[in-house]
Amino acid sequence: GTQKSTDFVFSQVWIVKSTNHEIIDTLFGTHNPVLWNVVYPQGTAVTDSFEGYVSKVTAAVKGPNEYWMREITVTATSLISRT
């Protein structure tokens, strides 16, 4: 098959001014590729690893219990390795 860059999209519960949550904004501002590890924990855990950059951050929307949600898009710049 043919492999090409793809987007990985996830929702973030966003806490304003939280240092760890603001990392996404920093990555979006630089557009530098970084290593991402996505763990799928059901049954025997599987991890997808790839390099990619944050290509989109949606505006935050108020969710339940005063939490804010936003959608993050990471564009892969490498092939995905599964372990």
Side-chain angles (χ1 to χ4, degrees):
T2 302
Q3 294 189 6
K4 64 176 186 169
S5 292
T6 186
D7 288 340
F8 173 70
V9 180
F10 64 95
S11 296
Q12 178 190 39
V13 175
W14 185 49
I15 301 172
V16 179
K17 305 240 185 240
S18 166
T19 301
N20 286 331
H21 292 203
E22 297 296 324
I23 290 170
I24 294 295
D25 297 294
T26 300
L27 292 173
F28 178 68
T30 65
H31 276 69
N32 289 334
V34 295
L35 179 63
W36 293 83
N37 291 303
V38 181
V39 179
Y40 302 100
Q42 63 273 21
T44 301
V46 172
T47 302
D48 284 349
S49 299
F50 61 94
E51 284 195 0
Y53 63 94
V54 176
S55 56
K56 182 178 180 183
V57 177
T58 64
V61 176
K62 185 174 183 252
N65 301 321
E66 301 298 319
Y67 289 111
W68 291 79
M69 302 290 293
R70 60 188 190 167
E71 192 171 90
I72 311 301
T73 302
V74 177
T75 299
T77 58
S78 72
L79 297 178
I80 296 171
S81 167
R82 179 164 285 173
T83 56

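Side chains of Asp7 and Lys56 form no contact here, defined as non-hydrogen atoms less than 4.5 Å apart. Looking at heavy atoms from C-beta onward, Asp25 lies in side-chain contact with Trp14 at the 4.5 angstrom threshold. In this structure the side chain of Met69 reaches within 4.5 angstrom of the side chain of Val13, judged on heavy atoms. For the pair Val74 and Phe50, the minimum side-chain heavy-atom distance is below 4.5 Å. Side-chain contact check for Phe28 versus Thr73: every heavy-atom pair is 4.5 Å or farther apart.
Note that OG1 of Thr77 is 10.5 Å distant from CG of Asn32, once rounded to the nearest 0.5 Å. Here Leu79 contributes atom CG and Ser49 contributes atom OG; the two are 12.5 Å apart, rounded to the nearest 0.5 Å. One finds the CG atom of Asp48 at 4.5 Å from the OH atom of Tyr40 (value rounded to the nearest 0.5 Å). Summarising the geometry, atom CD belonging to Gln12 is positioned 9.5 Å from atom OG1 belonging to Thr58; distances are rounded to the nearest 0.5 Å.
Under the 3.5 Å distance criterion, the side-chain polar atoms of Thr47 are left unmatched by any main-chain donor or acceptor of Thr83.
Nearest approach of Val54 to Val57, heavy atoms of both residues: CG1-CG2, 3.8 Å. Here the closest non-hydrogen pair linking His31 and Ser55 is NE2-CA, 4.3 Å. Counting all heavy atoms, side chain and backbone alike, Ala60 lies closest to Arg70 at CA-CB, 4.1 Å.
A continuous path of Ile, Leu, Val, Met, Phe, Trp and Tyr side chains, each step under 4.5 Å between heavy atoms, connects Val34 with Phe10, placing both in one hydrophobic cluster. Both Ile72 and Val38 sit in one connected hydrophobic cluster of ILVMFWY residues. Membership requires side-chain heavy atoms under 4.5 Å apart, directly or through other members.
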Would Trp36 and Ile80 satisfy side-chain contact (heavy atoms from CB on, under 4.5 Å), going step by step from the backbone distance to the final call?
CA-CA 10 Å; Trp36 293 83; Ile80 296 171; over 6 Å; no

